[in-house]
Amino acid sequence: MFVWLTHAARLLFGFDFLLNGINWWWKLLPYPSVWDPPLRQTPPFVQAMIDTGFMFDGIKVVEVVVGLLLLANRWVPLALVVAFPVTVAIWSVDFFLISMNVRAQVMGWSALALNTFLLFAYLNCYAPMLVSQATPSIPHNGLVQDRTIRSKGLLLALGFVAIALGLAVNAWLIVMVIQQS
């Protein structure tokens with residue numbers, strides 16, 4: 001029964017995300033699309049994301065990709081994690097900004113319930129990440145099989161670049177705090 005519920009939730013959530021994502025470019029639903037003029041009732045927060053020219057597009061790309069992955073039953077745990085910030089944003093807009101619209105409420109709560117249920121259903125896939133203390137290591141199998149030495153060098157170089165940038169940003173933040181006081 002649990003497996004059946006999980007498959008049904010995955011398919012429903014995948015279809016929901018795919019259809020809502022596609023609707024941004026090809027109007028299938030009575031929601032705003034990229035081609036529509038701004039609507040008077042569009043919440044300012046949503047309109048601001050649309051006005052950037054890339055934020056809403058990015059969200060819709062995530063919806064389409066996640067929807068396809070869920071429908072194809074591929075990389076489902078990863079797709080669910082990627083979907084969660086979008087799901088929370090959808091729920092927040094529907095619950096707080098479009099609160100008088102019953103359809104928005106049902107759709108927002110549906111996305112949140114489906115995504116949350118599926119995250120818990122696949123919790124065993126996240127178990128290796130849920131440790132209080134972990135030891136980093138250089139991958140030695142899987143994606144880097146025969147290129148371990150080259151991959152180790154690239155990973156170390158990336159580490160040095162990341163540390164240098166991190167030091168610069170933290171120094172900059174400290175200078176800004178000092179200037180602010």
Find out if a path of hydrophobic residues (ILVMFWY) with successive side-chain heavy-atom gaps under 4.5 Å connects [X] to [Y].
{"X": "Val169", "Y": "Val177", "answer": "no"}
{"X": "Phe2", "Y": "Leu118", "answer": "yes"}
{"X": "Leu19", "Y": "Val106", "answer": "no"}
{"X": "Val102", "Y": "Trp109", "answer": "no"}
{"X": "Val61", "Y": "Trp26", "answer": "yes"}

At their closest point, which heavy atom of [X] faces which heavy atom of [Y], and how far apart are they?
{"X": "Val66", "Y": "Ala83", "value": "CG1-CB, 3.7 Å"}
{"X": "Tyr122", "Y": "Leu80", "value": "CD1-CD1, 3.6 Å"}
{"X": "Asn20", "Y": "Lys60", "value": "O-NZ, 3.5 Å"}
{"X": "Asn124", "Y": "Pro128", "value": "O-CD, 4.0 Å"}

Within this structure, what is the [atom1]-[atom2] distance for the pair [X] and [Y], rounded to the nearest 0.5 Å?
{"X": "Leu68", "Y": "Trp75", "atom1": "CG", "atom2": "CH2", "answer": "12.0 Å"}
{"X": "Ile90", "Y": "Phe84", "atom1": "CD1", "atom2": "CZ", "answer": "11.5 Å"}
{"X": "Tyr126", "Y": "Leu119", "atom1": "OH", "atom2": "CG", "answer": "5.0 Å"}
{"X": "Leu71", "Y": "Arg10", "atom1": "CG", "atom2": "CZ", "answer": "7.5 Å"}
{"X": "Leu130", "Y": "Leu123", "atom1": "CG", "atom2": "CG", "answer": "6.5 Å"}
{"X": "Ile163", "Y": "Phe160", "atom1": "CD1", "atom2": "CZ", "answer": "8.5 Å"}

Whether [X] side chain and [Y] backbone form a donor-acceptor pair below 3.5 Å:
{"X": "Ser181", "Y": "Ile178", "result": "yes"}
{"X": "Asn115", "Y": "Ala111", "result": "no"}
{"X": "Asn23", "Y": "Leu29", "result": "yes"}

Aromatic plane relationship, Phe13 with Phe17 - under 30° parallel, 30 to 60° tilted, over 60° perpendicular: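 Tilted.
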Crowding at CZ, Phe95 (>12 non-hydrogen neighbours, <6.0 Å):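 Buried by this count: over 12 neighbours within 6.0 Å.
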Candidate pair Phe15 and Leu70, rule side-chain contact (heavy atoms from CB on, under 4.5 Å), full reasoning: CA-CA 8 Å; Phe15 182 73; Leu70 293 176; over 6 Å; no
